[in-house]
Structure formats: structure tokens, C-alpha cells
Amino acid sequence: MNYQDIEKKWQRIWEDEKRFEVKNKVEGKKNKYILIEFPYPSGKGLHMGHCRSYTAIDAYARKQRLEGYNVMFPFGTDAYGLEAERTAIKEHKKPQDIVARNIKTFQNQVRAIGMSIDWSRTINTCDEDYYKWTQWQFIQFFKAGLAEKRETTVNYCPNCGVLANEEVEDGTCCQCHSETTQKAKAQWVLKMTEYAERLADDLKDTDFMEHIKTSQINWIGKSEGVEVDFDIVGGGKFSIFTTCIETICGITFMVVAPESNLVDSLKDRIQNWNEVENYRRETAKKSEFDRSEMNKDKSGVKLEGVYAVHPLSGKKVPIFIGDFVLAGYGTGAVMAVPTHDQRDFEFAQKYNIDMIQVIDGADVSKCAFEKHDYLGNGCKLINSGEFDGLTVEEAKAAITDKLVKMGVARKKLNFKMRDWVFSRQRYWGEPIPMVYCETCGWVPVPEDQLPVKLPDVESYEPTKDGESPLSLITDWVKTTCPHCGKPAKRETDTMPGWAGSSWYFMRYCDAHNDKEFASREALSSWLPIDLYNGGNEHTTRHLLYARFWNKFLYDQGLSPVSEPFARRISQGLILGSDGKKMSKSAGNGVDPLEVIAKYSADALRVWMSFIGDYFESASWSDEGLKACYKFINKIVSFKDMLVEGEEYSKELEVAMHSAIKKVSQDIDNIKFNTAISALMILSNEVAKVKKINHAEYKTLLTLLNPFAPHITEELWVECGFGASMKDVQWPKYDEKKLVKSEVEIAVQVNSKIVARVNINTQLKQDEILAEIKANENVAKAIEGKTIVKEIYVPGRIANIIAK
RNA sequence: GCUGGUGUGGCGGAAUGGCAGACGCACGGGACUUAAAAUCCCGAGGUGGCAACACCGUGUGGGUUCGACUCCCACCACCAGCACCA
């Protein structure tokens, strides 16, 4: 039989006997919930990147099962999204049909690589019995006051309507190449910032990889500062947020976001309104991304004739508009202190604005003296009136205090993280289950009427006026208010793809429940997830959305845990053999199914494990794959060397115990490459002695089983070890059997290697050192010198320092 | 630009602060073969040397240490993400 037939045979057996289906509770077994991010079922099917993480985490799951855990390892698909909609438009098919086709392909491919999935728990986010609960949960957000409709800005194309960021290339529409602009639009928003602090703080209770924690904390971007009100000469006022209140006496200008309502309210008093309008028009063309830090060349326009009043000095301060200030971030206005902020410094130079140094300790004629340089260095204030001579730290407190007492400021926490814009003017998403009534306002669809089904439409393209295609189906839009019964309109926006993926891990726990999204009992038996694996691209958004969603449900008493993921890891990319991202255009792609057909799924799995450190990116190589294929052949060939024996032989004892230890620890620590390497070392030992007994082969096959599940099980049966590997136990090692009685160590004199000496590991340290010093080369090196220090690292190295 | 990450032979990569290069690929030599493939054995970081051996060597420059790929500081290069792709 060839590998392909063997693999298909075992895949069928696993499925027929429901080998990997689990109950929520099994007497005497501990539960483990292992999760890999469900894929977006694109038309391209499973790619190498999927293969790497899927086979790796599958190996982890299989090992845990062999260790006697009740392991849930589910799989599903995140089906809503732009790509299916675009394909639908292109192929003149329904997104529903395209997605159904793609899901089938994905599931077959997941089977083909030998994943140990519990298929009884499979879910798709676009299934009615799934998205019903996504809608239900949205309503809970609304009822709790965490969902509201609010003005935001969107990318807008005059022909194609609202565009995703991805669809805008250099300020033009990727479909029709018209120039795009930023347009204000009312959108549903989930108030995620209300959870910002907890999302950052609670990371301490998780075992996420350090860089993931850091990324999330930076994304949330908590900063403590002061919000200060500034009066405008001739009436009106506005607020700014600053983390550097100590520099307030150095203010020489203010900058307001160009689109700010404040600018409109000052129209009559602004003497250069034309110039302001032109600048606003230019700004509208730029995306937020272009306007933020990306933009090196800060520009602005002075509002002629309008001045703010400095709250401490009472002096007049000019006001500018500048596109680097965003209306939606902070208060949409900033104070500018060119001597102590580099961006302000450059702006002031460009527009010839005064500068006043207020913190002593550096020359500010060439560049600003910024907070990371003056904080904590005992720097003192100057040119700041009554605050002169205070240290920066003292001044921070004193100035805040004074402004608060004056009633013009308050301490405030500010977050970089924004609320979650939850509306899409797209067809292919969950309809937002809300109704707008002239009398009652926004009213949720009654829960017994869920799901609000996605209706059939003729055209999937967004409308030119920027509304969802659903808005064109008048019959669907027209409804009655659930509250007062008067005629009302349905919300026509749909949810973003992130919605369904924010709680899918809960549905796996109770996938067929039609009374609730998942029972508390089912959730309690599995959450938190023991190991959650996904791509680095989800480190901030998906992972924060899902944590936020769960925290909300936790507050509602609907989730048993405040953190859903105990441990989070992310895999590195698989690159083409040229070291570049695999893609059609680069022609460096490799199709997993072709690899399986030519070699085997097991060879592919072993290669994906061996290719390199799981957390780093790695380049594909055909040679590496072939080497793993050869390795499997070698394991198979051992069956011809099989001899009797139910205990490890003397010759292989140390090798067996070392391999068990290394492979066990490496899988637990997600070091699959060195686990395979350890198995290769063991197989080299076996090849050297040219025989292997039953006990040894059983252990070898078990250790390899998580990586090469098909062939190991086939060999197991063939050698008569049992009818299958279903009830096999993960082998144990004995620490005592690992230690070699004699070992060669390097001996250094003054940190330079002078000899290699065989030592008996049973001896005491001074006995060993005495033996070392008796060595001819060592003796010569220390001759006539005084020994200052002797270092001995057991079994590795000795260093004698002599003068 | 900001944030996160990476940098070790010809290549993929190993190394709780302790003999850098495990394991594998490619390569060279040999065995088997009419031959090739497959398989097996041996060799190998670089430079110099017949050799023993010497010197150099983990992106660059400093530092800490008996000892640094590993820790600290500064820099360079590359990769990823940046909120409506998911």
C-alpha cells in the first residue's frame, strides 16, 4: 500500500469511529481546549501557512490526548467578508454559494492533512443558527448602552460608494480609479474604550507571548494627562488633552483638526476663510493613515483673526488648523510647545512662530528638548512665572492643581485605542438587528424574531450614495416599530467580519444549542481556552475584539471567565523558497495538496514541524520536504529490524529516555523543530545498532505519532502492537537513566581551552578539579602561577583562573 | 513615521551566561550497481599550514563578566501590523 492509501484509510477510520469527538465532561479526565483560529474560506483554499499552524497545533492536541486529557480541538469557518462578495460580483453567483463551495474545499483539505478535528462541533459564521446569536449578542450590547450610532469618517468613492481601507490605493478607488475622499457618516459603534483599562490590566492574568502583550498594551495606549479648557477671544472655548502639562507656559500656538465643528462655528471671525476651506478640501482627500505619523511634512493654516487665551498668562495665542490633528482622537485639538515637542518645533520653524523654553537643561535652538530626555533628570522649570525652579515632576502636580482649582482643567485618562466601528455598507455580513422609528428612535428587533435573515438581492455592490445594497430592497427595509407599531425602517448596514469571530470559540462548546448561544455549563467545562493559536496579524484587532466581547458577556453573567484565552501563541509565516511571501504573482507558491499527492501528508506535517522555530518565519524548500520523506521511510524500514523485547535494551536505553524527555518538553514548549531533530537523533542511534525491540519501536512510533499520525498507526497495527493507537499512552522517561557515567568536558585556563578531559560524573567537584589539574596540558598552563579562582559547571566546562 | 519582530556556515536552522554551528539540506570522497536512482559509510565554519597547530568567526561599534549568539547601551539592515481585508 502506498502512503496516500494508508492516509485515506486512517482518515476514514478516525471519522467512522468518531475518534476525536469529545463530550463536555468525561469521568476521570481533565479537559483541554485547544484552538486554532478558524480560517476565512477564500477561493484559494488551504495554503502552506495554514498547513504549518494546523499540523503543529494538531500535533500538540494529539500529544495531549495520548497523555490522557479530554481534548476538544474544533474547526469552523469565518465566512463573512469582502472577498466572497467580490468573487460573487465577478462570477455572477451568490456569495452564499461561493462560500458553501469554499467551505467544502477547506474541510476536505483539513481532513487531507490528517487533522484530529471534532467534526460534530463545526460552525460557520454565516449559518442562520450561528448568526442568530451574533445578532442576539449585538442587542445585548445595545441594551447595555454599549452600541450607539455615531458620526465617523469613511472612505468614499463617487462611483463605488463607501470603500474599505484595502480598496483605496494612493487616494484612488481600486475598482474605478476615481479619487476618493473622506466623508462623514453615521455608523454603529461598540464602545470598546470603556473596557480599555481592563483590556490592558487583565493581560497580567494571561499567558500570552510577551510581544503579544506588549503590542496590545501599545495599541490600547493608555496615557494619563490633563484636559484643559481654552477660551477664545471674543467668545467660545475648546479643550485640549496633554500629557505634558508642565510645558503649558511654553505654548506659542494651538492646532485644531481641520474638520472640527469649532472651525465652522468661528467662520464669521476667520479672516482667511477661503484658505481654510481649501485646506479642508485637501485634507478630505487624505486617509487617516496618511494624516497620522506617516506624514513627515506637517502642514497647517493659521486662523487669521482668531486667538485662544492662555489660562495662566491670559496672553493671546494663535490658532492653526493642521491635518496631523484628528477630530476623532482626544479632543481634536492640541496645545503646541515647540521647544519641548519635535513635531511642534518643526511646525513653528515652518510658520515662523515664537518659541519659549520652559524646561532648563538643553539647547533648544536646533531641536526640541523632549520629555523622554527631561523626565527623571531633575530638570527645572524656567520662564513659567510662579512655577520657576520646580522640578518637572513637581511642576506637573502643581500646575495641574492650580488649573483644576481654577475650574478650567481636569485629570484625564486618554487611550489611543478607539471605539469599534461596527457598521459596513455591504451585503455579505450579518444584518444589524435594529429598527429605526420616527417616534421611538432605534429599537432592537425582538429576540423571538431573530435571526434577521439576509435577504436575496439582485446586486451586491454598495450603492453610489454610500448605503448598503440592502437599502434598495424596499420590502425588506419597510417594517413596523416593535415598540409602537408605527411604520419604521430596518437598519441596512451589516456587521464587520470581526463580529462572528469574536465569540466563535464559545459556540464550539455547545454548537447545537437552539435555546442560547451556549449553555453556561458547557462554557464552564471548557473555558478558558488552554492554547489559542493564530497569526500575528490578529495580535491587536481580533484578539482585542474577542477579549472585549467576552468581557462584556462576562459582565452580563453570560461568560464564566473574564479572560477567554489562557495562553496565546502565534506562528511565523511560511515564505517561498526565495524568502518572499508566497503568492501567485511571485510564482513561488506551493500547493499542499500536490505535496500530499507526491509525498504524503505525514511528510508534509513532519516538514512543517521541522522547518524552523514555530514562532519565526521560515522559507519553503523542496529539499527539506524530501529529507522528511526520507526520515519517514527510515522509520518504516525499522520494522524489518524488529526483535523481541518488552524493555529498552542497554544499547538504546539512554537514547530512548533522552528522546522521550526532549520530545515531551519540546511539544509542550512549541519547539516542534527540535522535537523532530530529537527523533532523528534517536533514529540515527537505532540505525547504528541495526535492531530495535518491541518496546523501543512502540515508544518511537508513539513519539512520532503526533507529527505523522497515519504511518505510525499503520505500523503499529502491522507490527501487531494493537488494533489501533487509540488507547496508547504517552511514554515516560526516567531522569536517572539520562545521565551518562562518563562525559568529556572542556577545561579552560584563563578562559582559554587547553584540554578536554573525560570525567566520572559521580565524583565530587573537588575530586574532579583535582583530576583536571593533573592533566598534562592543564598543569603546563598553570605552572608557576597562583590559582585565583576555579569554576566548574557540572558536565560541561571547567575554568581555572591563574595569575 | 509609529508599534512589534528578526539578523548565526553555501542554505534551513541548534545552543538554562559555559566546548558556537545540534539536526537537516546542498557539497566532496568512498561502498553497492553494467550504469543511474535509492541506500549505506566517511569528511567538512573561514584563513594559513603536508601536519600538529595557529589566528579569525553569531549584522556593526562599545560595555558588563572568569566566560557573551545569549545581558546592557548606541547604530545599521530586513520583515510584519497600523483600526472598513479578515
Side-chain angles (χ1 to χ4, degrees), chain A residues 37-40 42 78-86 152 154-155 162-168 187 192 210-212 214-219 221 288-290 292-296 324 343 416-426 496-498 500-501 535-542 544-545 572-573 575 577 579-581 607 610-613 615-628 630-631 633-634 637 671 673-674 676-681 684 687 744-753 756 788-802:
Chain A
E37 277 176 357
F38 61 169
Y40 176 74
S42 81
D78 186 14
Y80 280 124
L82 251 189
E83 198 189 304
E85 195 176 286
R86 282 204 209 112
T152 61
V154 292
N155 302 305
V162 176
L163 300 180
N165 285 348
E166 194 202 34
E167 297 173 297
V168 181
Q187 307 250 57
M192 198 166 159
E210 261 333 293
H211 77 267
I212 296 176
T214 316
S215 292
Q216 292 214 347
I217 286 168
N218 288 334
W219 183 270
E288 210 167 79
F289 187 45
D290 291 330
S292 56
E293 297 95 13
M294 189 76 161
N295 178 9
K296 259 186 176 171
F324 59 95
R343 187 183 60 190
K416 217 179 263 169
M417 189 178 82
R418 306 175 212 159
D419 283 330
W420 178 4
V421 177
F422 204 70
S423 287
R424 298 291 183 272
Q425 289 70 47
R426 294 281 174 180
W498 306 106
S501 60
N536 276 314
E537 69 275 25
H538 293 141
T539 293
T540 44
R541 285 160 302 157
H542 160 65
L544 277 168
Y545 292 145
L573 295 172
L575 307 170
S577 48
K580 297 199 177 91
K581 220 171 170 174
W607 173 225
F610 187 57
I611 195 166
D613 186 314
F615 306 121
E616 306 294 336
S617 52
S619 299
W620 177 265
S621 120
D622 291 332
E623 285 70 32
L625 170 69
K626 279 181 206 156
C628 293
K630 260 166 63 178
F631 170 65
N633 288 339
K634 191 172 182 174
S637 76
K671 298 284 238 165
N673 54 335
T674 46
I676 299 294
S677 149
L679 288 167
M680 286 173 170
I681 291 169
N684 288 346
E744 188 193 79
I745 67 158
V747 182
Q748 301 178 324
V749 172
N750 292 333
S751 307
K752 211 173 154 178
I753 293 169
R756 283 168 221 285
V788 185
K789 200 172 175 184
E790 292 175 332
I791 296 142
Y792 172 64
V793 182
R796 291 182 181 271
I797 204 164
N799 193 2
I800 298 166
I801 311 302

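For clarity, every value in this text was computed on a predicted model and none was experimentally measured. Chain naming here is simple, since letters A, B, ... match the order of the sequence lines and numbering starts at 1 in each.
- Residue A:Gly624 is out of contact with every strand shown, counting any heavy-atom pair closer than 4.0 Å.
- Nucleotide B:C66 has B:G18 as its partner under the Watson-Crick or G-U criteria, with both atom distances under 3.5 Å.
- Looking at A:Asp78, its side chain never comes within 3.5 Å of a backbone N or O of A:Phe38 through a donor-acceptor pair.
- At the heavy-atom level, A:Glu616 lies under 4.0 Å from the strands shown only through sugar-phosphate atoms.
- Minimum atom distance to the side chain of A:Ile797 is reached by B:G18, of the listed B:C84, B:G18, B:A83.
- With B:C66, B:A83, B:C23 as the choices, the nucleotide that has an atom nearest any side-chain atom of A:Tyr545 turns out to be B:A83.
- Between the base of B:C84 and the side chain of A:Asn165 there is no donor-acceptor pair shorter than 3.5 Å.
- Taking atom C1' on both nucleotides, B:A52 is separated from B:G59 by 35 Å, rounded to a whole Å.
- Of the candidates B:A15, B:C84, B:G4, the closest approach to any side-chain atom of A:Arg424 belongs to B:C84.
- Here B:A86 presents its P atom at 13 Å from CD of A:Glu537, a figure rounded to the nearest Å.
- Base pairing of B:G1: its partner is B:C82, meeting the Watson-Crick or G-U wobble criterion (both donor-acceptor distances under 3.5 Å).
- Within 4.0 Å of A:Ile791, counting heavy atoms only, lies at least one base atom of the nucleic acid.
- If you check every strand for non-hydrogen atoms under 4.0 Å, A:Ile611 touches sugar and phosphate atoms only.
- Taking side-chain N and O atoms only, A:Arg541 has a distance below 4.0 Å to OP1 or OP2 of B:C82.
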Working for side chain to side chain contact (heavy atoms under 4.5 Å, CB included), residues A:Ile745 and A:Ile797 | CA-CA 5 Å; A:Ile745 67 158; A:Ile797 204 164; 5.9 Å; no

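- As rounded to whole Å, 15 Å separates atom C1' of B:G67 from atom CD1 of A:Ile745.
- When heavy atoms are screened at a 4.0 angstrom cut-off, A:Lys630 is found touching the sugar-phosphate backbone but no base atom.
- Ring geometry for A:Trp498 against A:His538 counts as perpendicular: the plane angle is over 60°, on a 0 to 90° scale with 30° as the lower cut.
- Minimum heavy-atom separation, A:Thr539 to A:Ser215: CG2-CB, 3.7 Å.
- Considering only side-chain atoms of A:Trp219, the nucleotide from B:A83, B:A14, B:C25 that sits closest is B:A83.
- A gap of 47 Å separates the C1' atoms of B:C72 and B:C50, to the nearest Å.
- Between B:A38 and B:C27, the two P atoms lie 10 Å apart (nearest whole Å).
- Along RNA chain B, the nucleotide nearest A:Leu82 and the nucleotide nearest A:Asn633 are compared for position; the residue whose nucleotide lies closer to the 5' end is A:Asn633.
- At the heavy-atom level, A:Val747 lies nowhere under 4.0 Å from the strands shown.
- Spacing between B:A22 and B:G45 at atom C1', rounded to whole Å, works out to 14 Å.
- Nucleic acid contact class of A:Trp498 (heavy atoms, under 4.0 Å, all strands): base.
- The residue A:Phe610 sits close to a base: some heavy atom pair falls under 4.0 Å.
- A 6.0 Å sphere centred on NZ of A:Lys634 holds more than 12 heavy atoms belonging to other residues, nucleotides or ligands.
- When only modelled atom types and interatomic distance are considered, A:Asn155 and A:Asn165 share a side-chain donor-acceptor pair under 3.5 Å.
- Residue A:Thr214 is in sugar-phosphate contact alone, with no base atom involved, counting any heavy-atom pair closer than 4.0 Å across all strands shown.
- Taking a pair to require two hydrogen-bonding distances under 3.5 Å in either a Watson-Crick or a G-U wobble arrangement, B:G43 pairs with B:C27.
- The backbone N or O of A:Gly535 sits less than 3.5 Å from a side-chain atom of A:Glu37, completing a donor-acceptor pair.
- Between the C1' atom of B:C66 and the CZ atom of A:Arg796 lies a distance of 17 Å, rounded to the nearest Å.
- Regarding A:Leu573, its CG atom lies at a distance of 8 Å from the P atom of B:A80, rounded to whole Å.
- Across all strands shown, B:A74 forms a Watson-Crick or G-U wobble pair with B:U60, both key distances being under 3.5 Å.
- B:G10 and B:A31: their P atoms are spaced 30 Å apart (whole Å).
- Atom CG of A:Leu82 is separated from atom CZ of A:Arg426 by 4.5 Å, given to the nearest 0.5 angstrom.
- With rounding to the nearest 0.5 angstrom, the CZ atom of A:Phe631 is 9.5 Å from the OG atom of A:Ser677.
- Distances shorter than 4.0 Å separate none of the side-chain N or O atoms of A:Lys581 from OP1 or OP2 on B:A80.
- Regarding contacts with the backbone of B:C55, a side-chain N or O of A:Lys752 is found under 4.0 angstrom from either OP1 or OP2.
- Comparing B:G13 with B:G7, their P atoms are spaced 9 Å from each other, to the whole Å.
- With rounding to whole Å, A:Lys626 atom NZ is found 14 Å from B:G24 atom C1'.
- The base of B:C66 has none of its N or O atoms less than 3.5 Å from a complementary donor or acceptor on the side chain of A:Gln748.
- If you take CZ of A:Phe615 and C1' of B:G5, they are 13 Å apart, rounded to a whole angstrom.
- Residue A:Asn218 places its side chain closer to B:U3 than to any other of B:A86, B:U3, B:C19.
- Shown here, B:G9 is classed syn by the O4'-C1'-N9-C4 or O4'-C1'-N1-C2 angle, which is within 90° of 0.
- The same atom, C1', is picked in B:C78 and in B:A86; the two are 26 Å apart, to the nearest Å.
- Taking only side-chain nitrogens and oxygens, A:Asn684 comes nearer than 4.0 Å to OP1 or OP2 of B:G24.
- Rounding to whole angstrom units, NZ of residue A:Lys789 and P of B:G18 are separated by 15 Å.
- Summary of the strand contacts: A:Tyr40 and A:Ala678 both lie near RNA chain B, and taking for each the nucleotide with the nearest heavy atom, the more 5' one is attributed to A:Ala678.
- A:Ser617 comes within contact range of the sugar-phosphate backbone alone, with a heavy-atom separation under 4.0 Å but no base atom that close.
- Using C1' as the reference atom, B:C71 and B:A54 are 31 Å apart when rounded to the nearest Å.
- In this structure, the CG atom of A:Asn673 is 7 Å from the P atom of B:A15, given to the nearest Å.
- Using a 4.0 Å heavy-atom distance criterion, A:Lys580 is classed as making no nucleic acid contact.
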